[in-house]
Each structure stands twice: as structure tokens, then as C-alpha cells.
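Throughout, protein chains are lettered first and strands after them, A, B, ... in sequence-line order, and every chain is numbered starting at 1.
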2 protein chains.
Amino acid sequence: MRILILNYERVVIEALTALVETMGNDFTVVGGSDSGLEGVELARRLTPDVVLSGMKLRELNGVDTTRRIMDEVPDTKVLILASDPKSEPLTEALEAGALGYITRHSEAAELETAVRTVYSGKVYLCPESASVLVETKVLAEDSEEEADVVFSVLTPREREVLQLLAEGNGSKEVADRLNISPKTVDTHRSNIMQKLETDSLADLVKHAIRAGLTDLKI
Amino acid sequence: MRILILNYERVVIEALTALVETMGNDFTVVGGSDSGLEGVELARRLTPDVVLSGMKLRELNGVDTTRRIMDEVPDTKVLILASDPKSEPLTEALEAGALGYITRHSEAAELETAVRTVYSGKVYLCPESASVLVETKVLAEDSEEEADVVFSVLTPREREVLQLLAEGNGSKEVADRLNISPKTVDTHRSNIMQKLETDSLADLVKHAIRAGLTDLKI
DNA sequence: ACCCCATCTAGGGAATTTCCCTAGTCGGTC
DNA sequence: GACCGACTAGGGAAATTCCCTAGATGGGGT
């Protein structure tokens, strides 16, 4: 079973690699990255069986990375390793095509179970996230959840642009990274600002942080 | 005893006003604001006996607001009402001239004690912040605390500019607010970026948030 | 007293970015 | 086929940022 590991923190990538490889010799880690964009690229090149991905990644968040991977390498199974199922967009991850969702607080044994489960094409949710799902979806037909406008009103592409801007890139750099024209990035920025009802980059950064697209590390 | 209340949240201002006025009829709340800059102005105009201020305020943080007030109306006693003494710059507040420091979790009785103590010109620290002070200053001659570069390498003026920028203002708006030229704001921005070793507004916003100059509300 | 240096101030002018408007292409959907 | 949302991008004006220079002020050290 060939595994690709995506995580915001490089140390965690190494830790998970070590952990996965102690789980048995039918497990091989074929690669790792802290960038979502690079993750998509690696998934395409390496065609891993399972992608073990965090929700927060550089350049492209976990949800949209999942969406992209499912788009380009549909046979891949994505298992999300989130830090906090309550605050992070569980539903969006599942809609994007993730098969499993566990939290960082799970034990190694549970990780192995989860990986094997999604490898066989079945859904795996840790107890914690399962109950969150029940609460938000089954029980809450009224409270209507806004789940952060970033994931409801912005398009995937707009989120990519927002994240790259919030990571400190200018229009030109974002354009280079996404292989589009700087003018297009401008248009996206305008549209994002309009949708989020703001007119300052500072507020965009705040939105991005709240949505988990980036964090306070610099 | 005439009291001025400064707090980021308007509701809290009202709550504190009500609370203070139940403490006895020798207490009068003479004003309130959620802005540090306005707070300084009010302190000058109203010359309150005690300023009860939060650490996080709009436009100018609690530490620098205290510094300004001590500068312009030295007889005023400033009592800081912080939310978390561990993460917030207690030492800086005391250096800036605050006489007291208590946390939001204190009881009404303690607030009254604190206000009366600082009114008489004596220092009041709640038990919690006192122990933080001991730990960081008395016991920690080695660990040297970095207390966020924002408070160690930036000048007060630079922090003002940083905060206003992080609140979504452009150079012109910052300049208007501070009554200086937009060009001066530019210079400050450059200097701040150099000191914080960054070249993007996004990173400035993150620094500002970490230092508690602004938060994720928009 | 005197000098030094940090701080705050600000302009000129080039370079870059943002803003506003328009518009083509594509892939679904009704 | 018509329509719409998403993504793309250009032109051109407006605004902002960047780099460099520089004066005023005031505290601190010798």
C-alpha cells in the first residue's frame, strides 16, 4: 500500500512517515509535502493508494487539495487527519471526496484502521467527527450553519487565490504559482473582496485565518 | 471618584459601567470608548481619577494608550483589566505606567478593591498576574522572554501604525487618524517591515494579531 | 555641555499595484 | 439552444508602495 503524506508541519510529515512504516511492511510512504499544490502534483505523479492529508496546507487547503486530487486521480483514497473536527470544515472535506476523517488525537492503532478502511474504499470517521457530523447535519436542520463564508460563498479557485494572498504573496507571485495572468488574480481579489464584503487585504488575511487557510506563523 | 472605561467590546463597557455604579455612590463613570486613541482624548478632556482599560482596544492598544495617558494626564491612575495575564504583555503595561492589573475572571469585589487601591496611588495586582510577574521576572533571568517582537523592537508609534494597518486602513486613512502625512506612514510601514523581517502586509497583519493589537473579528 | 543616536517626520520620483469596466471561453443546467 | 456561474484577461486611470534622502527633536552617555 503506497501512501502520500501531506501536512503543514514538516516534522509531522516525518513523524507520520516513521509511524506508518512501523505499521507493517505492506505500508510504504512514497512521498510527502507541506504544500497542497505540490501535493496534487505528487498525487498525479506517484499515484499513491492513500493520501493522508492535513486540513491546513501551504498554498492550497486540505479541502481543495482533496477536490483536485479526486479530479485528477480519482482512484486515490484521501484520509483527512484534522486537528479539530469541531472548527474545521468536516462536511466540505467529505463533499470534496475525502473517504476518511480522523483527528490528531487518535491513537496509532486507529490510524492504521482508518488507512486500511479507506484503502478498501469504505468511509472511516473517527467517533469524534462522526458525532460532529450527526450534530451538524442530522440534528441541525434549523440552525443552518454558516461554516465560515469562505467555504460557502467563495469558489475553490477564489479560495486558492485568497490563501496565497494571505500567505504574503502579491498578485504577480500568486499568478506565477497558479500559472495565470496577474490580471486574473486582480479580478479574483476584487470578487473575493466583494463576496466577503470588505475592501482591505488585512480583512482578507483575517478571513483566511479564521477559515484555516493559513495561520499566524510567518 | 470619576472613572473612564476603555474596552474593545462595547457591551463590556456597558456591563462595567453598570457594575461600577453598583459599587457605591462615590463611583461615577464619566465616559467610555472602544478606541485607544479616543480613550487618550477622553482622558485629557475628562481628567478621570481612574481609567479602567482593557489590553486590546481599537486603533491603539492598551499598553500604548496607558503610556499616552500617563504622558498627558500624569495624575490619572490606570487599572488594566486583561483577559489573560499569561499571554498579554503585563510587564509592558506596568512599564507604561499602569498601576493595577487584574483579569476578567476576577470578582466584582476584587474589582472594587483594585480600583480603590490604584485610586490611592498604590499598585494592585491580582494574585494570578502577580505570580506571572514573579515567574517571568524574578525566576526567569535565563529564559529571557521574547514577548513578541512587536513589543520589543517596534517603537510605540510604529505599533500604532501597525495596528491601524492591520485593521484594514490604507496609508491615507492611517495618516488622517494620526494627523501625519501619508508619506510618513509609508516610512513607518517600511521600517516596521524591515524590523519584522517581512515584506508583505499579510505578515504584518499576522504579527499584529499575535501581539494582540487586533483580532480576527472584522 | 556636547555629541550621538533613535524616533518621528516627510518629500521626490520611479515602480508597482490596485481598481473599474469590459469580455471571451467553457462546462453544466433548464 | 439558451443561460449562468466560474475562470480567464486586457486597457487604462488611479492609488499605493518602494527607495532614498533629510530635517527636527529629545533623551542618554562621556
ask   = How many Å lie between CG on A/Leu154 and P on D/dC7, as a whole number?
value = 10 Å
task = Check the distance between D/dG11's P and A/Asp186's CG and give it to me in whole angstrom.
result = 13 Å
ask   = Taking the nucleotide of DNA chain C with the closest heavy atom to each, which residue, B/Ser181 or A/Leu201, is nearer the 5' end?
value = B/Ser181
query = Would A/Asp49 and A/Arg2 pass as an ion pair if we require N to O under 4.0 Å?
reply = no
message = Taking 4.0 Å as the cut-off, does a side-chain nitrogen or oxygen of B/Thr155 come that near to OP1 or OP2 on C/dA6?
response = no
query = Rounding to a whole Å, what distance do you find between B/Lys183:NZ and D/dA22:P?
reply = 15 Å
ask   = Using a cut-off of less than 4.0 Å, is there contact between a side-chain N or O of A/His188 and OP1 or OP2 of D/dC7?
value = no
request  = Give a yes/no on whether any side-chain N or O of B/Thr184 is located under 4.0 angstrom from OP1 or OP2 of C/dA10.
outcome  = yes
message = Between P on D/dC19 and CD on B/Gln194, what's the gap in Å once rounded to a whole number?
response = 10 Å
query = With the threshold set at 4.0 Å, does a side-chain nitrogen-carboxylate oxygen contact exist between B/Glu41 and B/Arg45?
reply = yes
key: Value in whole Å for how far the P atom of C/dT9 lies from CG of B/Leu178   = 8 Å
ask   = For residues A/Thr214 and A/Glu167, is any side-chain donor paired with an opposing acceptor at under 3.5 Å?
value = no
inquiry  = C/dA6, OP1 or OP2 - any side-chain N/O from B/Arg157 closer than 4.0 Å?
reply    = no
query = Out of C/dC8, D/dC18, C/dA10, which has the shortest distance to the side chain of B/Arg189?
reply = D/dC18
ask   = Across the strands shown, which category fits A/Ser190 at heavy-atom distances under 4.0 angstrom: base, sugar-phosphate, nothing?
value = nothing
ask   = Considering only D/dT8, C/dG11, C/dC8, which nucleotide approaches the side chain of B/Pro156 most closely?
value = C/dC8
ask   = Does A/Glu160 come within less than 4.0 Å of A/Arg68, counting only side-chain N to carboxylate O?
value = yes
ask   = Counting only N and O atoms by type, is there a donor-acceptor contact under 3.5 Å from the side chain of B/Thr47 to the main-chain atoms of B/Ala43?
value = no
key: B/Leu162 CG - C/dC8 P separation (whole Å)   = 13 Å
task = Can you tell me the distance, in whole Å, between the CE atom of B/Met193 and the C1' atom of D/dC18?
result = 10 Å
note = Between NZ of B/Lys172 and P of C/dC19 the distance, given in whole Å, is 13 Å
